[in-house]
Amino acid sequence: MNQSSKSDKRKEKEPAYESYDQYFQEKKRKLEQQNSCTLKSNIFYGLVFHVNGYTNPPLTTIRDLVCEHGGRYAQYLSREVTHIVCTNLPMAKLKLLKQSDVIIKPEWILDCIKKGGLVDEKPYRVYEHNSLNNQKTLVLPTASRTPVAHAERESRIDASDPNFVAQFYQNSRLHFLSLWKNELKEFTAEFLKNKKDNIHGAYKVILHVDMDSFFVSVALKDRQNLIDKPVAVGHSTRDGKESNKLDSSSDLASCNYVARQFGVRNGMMLQKALKLCPGLIVLPYEFEKYREISRKFYTVLFKYADNIQAVSCDEAFLEINSKLNDDSKETVYDICENIRKDIRDICEVNASIGAGPNMLIARLATKKAKPNGQHYVTKEEIKDFIKDINVKDLPSVGYAHGSQFETMGIETCSQLEQLTISELQKIFGIKQGELFYNYCRGIDSRELINTHERKSIGAEINWGIRLNEKSKVESFFRNLSKEVSERLISSSLSGKLLTLKVKCRKRDAEQPRKHMGHGWCDDISKSHEFSRPVFEENVIFTQVIKMYNGLHLAPEDLRGAGIHFQKLVDIKNAKGKNHMRFCLDQKKLDFSNMKKREINNIKKNNKNEVEIISSSDIPKHSPEKNPSKQKAFQKLSPKGKPPFKPLITLTQKFKPRKLFSDVIELSDSDDTINLNIDILSSQSHTQTQNYLIYPDLDGFVDESEIKSRLKQWVDYFKDEGPLDIDKRTIFTYFSELFDSKNLDLVRKYFCYLKRLINEIESEKWPSFLTELENQLQLMSINNYGSKLLLNP
DNA sequence: ATCCTCCCCTAC
DNA sequence: TAAGGTAGGGGAGGAT
């Protein structure tokens, strides 16, 4: 797939497109054909209605009315439905609706027709959305009939909503592309590991296999009637029948070769594509299918590959040396034919193959092979082949380097060849310069990379961010921190180096061309190295907020953010300089294959539970109370000091702690806990739940807030003493403070806690205080070689 | 010299 | 409406 912002820049002539009148006539004709109804007006254009239950007038009348006035009727409650018509909707069904669904009474349709245009929906609504808690509340019959401005009508979730992150990723093609790439790298690594093997052969030919306009091809599998029409895939569709959204800023992920003849390109905005090609049909994404076919594609490739490098869901490099008796065109084309036939049979999608003595040539040959073809460039042909290649088609020449070449007046590889290596290095840097020097001569020494070791992991969202208050920005960062934490856990990783990326609206940036896009921004990034590998949501969030606040940006200027980790460590081996051990003998939580929607469903059903087993070797008492264990530790510890007892366990992090009663219930089962999916979903950490009685301190910076939470906690448990789980939370909190060298606060909060505990005069609390003090002193000795002055 | 931080660039 | 992600390579310039 080609994300060509390049092509956006090119000037293309604009064919005259249909006027609205022409379009209206055409649509009228089509509609009359389809529904055998006369089009009387177009007031419901773009709206899709679904009728639920008994209505007055009945369903058939509503259907006809809607169609006669330019709308569409959907028999099922599908994705494209914009309006649900009913007089009464049962709660069960209500829960299945998406936030944006409008539920109205049939009278609205009648009144619209009577008035000859859309009238305000609000008085006709059956339910009112409440974006805060995602619940719908019944509109009382006495609801006021004050008209509301059209724009105000839709209250959407914003980026501070706990569902925003999941919803965004669910719809992001780029996210899926990245996700699958990773999966497929793992998939190929696995395949090669199990392969007993004869990679070697006398002849070396590399194949570059690429499925033709993948997303569209998948869409057309079941729509053969559209195969010779211009077709693209993107959001903003009406099931392919009416893609006439002339002002849509949605991106087309993929377009077929018919559409390309009109000048339509991958990555182009729909509005521009429609100008070039008014008849363009836009079909919706089908992410599940892509993933499935991608898997099949790779299984076919495995059949032929001696070696394989995954490039993306529709593209890979192959080495087929052992299948070659010579490197003649006949031999290579034979194999290519077979591979392409297999792909066609199994995936029902056409593939093209480029072949050559190295990766560069194979890749460039694919361009010649497409669509649905193959092209092999032999060693002998390289020189001739490369000379007319456009430099912009070379790998690692994108927008920036391309423009650079353009200003230099360089178009083809033979022109590029005139430059010396040092000239190139002066312009592009040492490595890039050398690379281009070689590429324009057809030289490429890269070998297939098929090992898969991650060097970084992260999450980033640069769309839909319009937040006008500090608290909303913080919620967004909490949700993003949670996402990153989940990703770390699901790949069993923790990381030491955190990087925060922020997009900030430029001072005089215009309204972005893309709806809810980031527009023209300054990119800022800050990194922080933790003293130990980290994976916990709260720790990430706290640090992120600290760094973000240091930037002093106005909330309304935030346009996007990313949180990334480098210096990754297996979560089981996560070991800090304090010898804090994270005994996480956990089952791998793998959500990478589970779509967010599935998670939400599980959450709703409340039936499925994922089990996490925390290690049984976590010492439950401080080392002093357990001499035998202490000895064992002394043997292992280089300095002869006992390591700290583990402060962080999954038990602590993931216990459902929504309500106080939950805490009591669960505090007994310490070794094996049931992790309700709910905990991983967004609701669990709402900051405003003041009914929580547990010391949730992470993420709060305000001193009085921390103190009041501590007081609340101590007060609540003053008779029965602190729960183990809460003790650990406090230990963690203090060690985080300590790690961030906030010794003043450590001292302050410790003293405050001490005072609280002295005040309540309970027998159960002082031992906790001693434990905490011991912890802190041990950490201090380990870090600074001396004790901490805790008592003023 | 070599490392680190903050960028930018590229690919799909 | 719309969903502009993400991992990795690399460079400039300052700190060590």
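Residue numbers begin at 1 in each chain, while the letters A, B, ... track the order of the sequences.
Of all non-hydrogen atoms in A:Trp463 and A:His515, the two that sit nearest each other are NE1-O, 2.9 Å.
Residue A:Arg559 is classed as having no contact, given no heavy-atom separation below 4.0 Å to the nucleic acid. Counting any heavy atom pair closer than 4.0 Å across all strands shown, A:His518 reaches a base atom. Among the protein residues, A:Pro395 comes within range of the sugar-phosphate backbone only, with heavy atoms under 4.0 Å from sugar or phosphate atoms but none that close to a base. Residue contacts shown for A:Glu460 include a base, since a base heavy atom lies under 4.0 Å away.
Each of A:Phe164 and A:Ile457 was assigned the nucleotide of DNA chain C with the nearest heavy atom; the assignment lying further toward the 5' end belongs to A:Phe164.
Atom CZ of A:Phe476 is separated from atom P of C:dA3 by 16 Å (rounded to the nearest Å). With rounding to whole Å, A:Lys181 atom NZ is found 9 Å from C:dG8 atom P.
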query: Could you write nucleotides 1-8 of chain B as a row of B, S and -, 5' to 3', where a protein heavy atom under 4.0 Å of any base atom gives B, of only sugar-phosphate atoms gives S, and otherwise -?
result: ----SSSS
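Within the 4.5 Å cutoff, side-chain heavy atoms of A:Leu220 are placed close to those of A:Leu283. At least one side-chain heavy atom of A:Phe436 sits less than 4.5 Å from a side-chain heavy atom of A:Ser396.
For the C1' atoms, the distance linking B:dT10 with C:dA3 amounts to 22 Å, nearest Å.
Each of C:dA7, C:dG5, B:dC12 was ranked by its minimum atom distance to the side chain of A:Asn182; first place goes to C:dA7. Side-chain proximity of A:Trp463 to the nucleotides C:dA7, C:dT6, C:dG5 is greatest for C:dG5.
Side-chain N/O atoms of A:His401 and A:Gln432 include no donor and acceptor closer than 3.5 Å. For the residue pair A:Ser213 and A:Asn256, no side-chain donor N or O sits within less than 3.5 Å of a side-chain acceptor on the partner.
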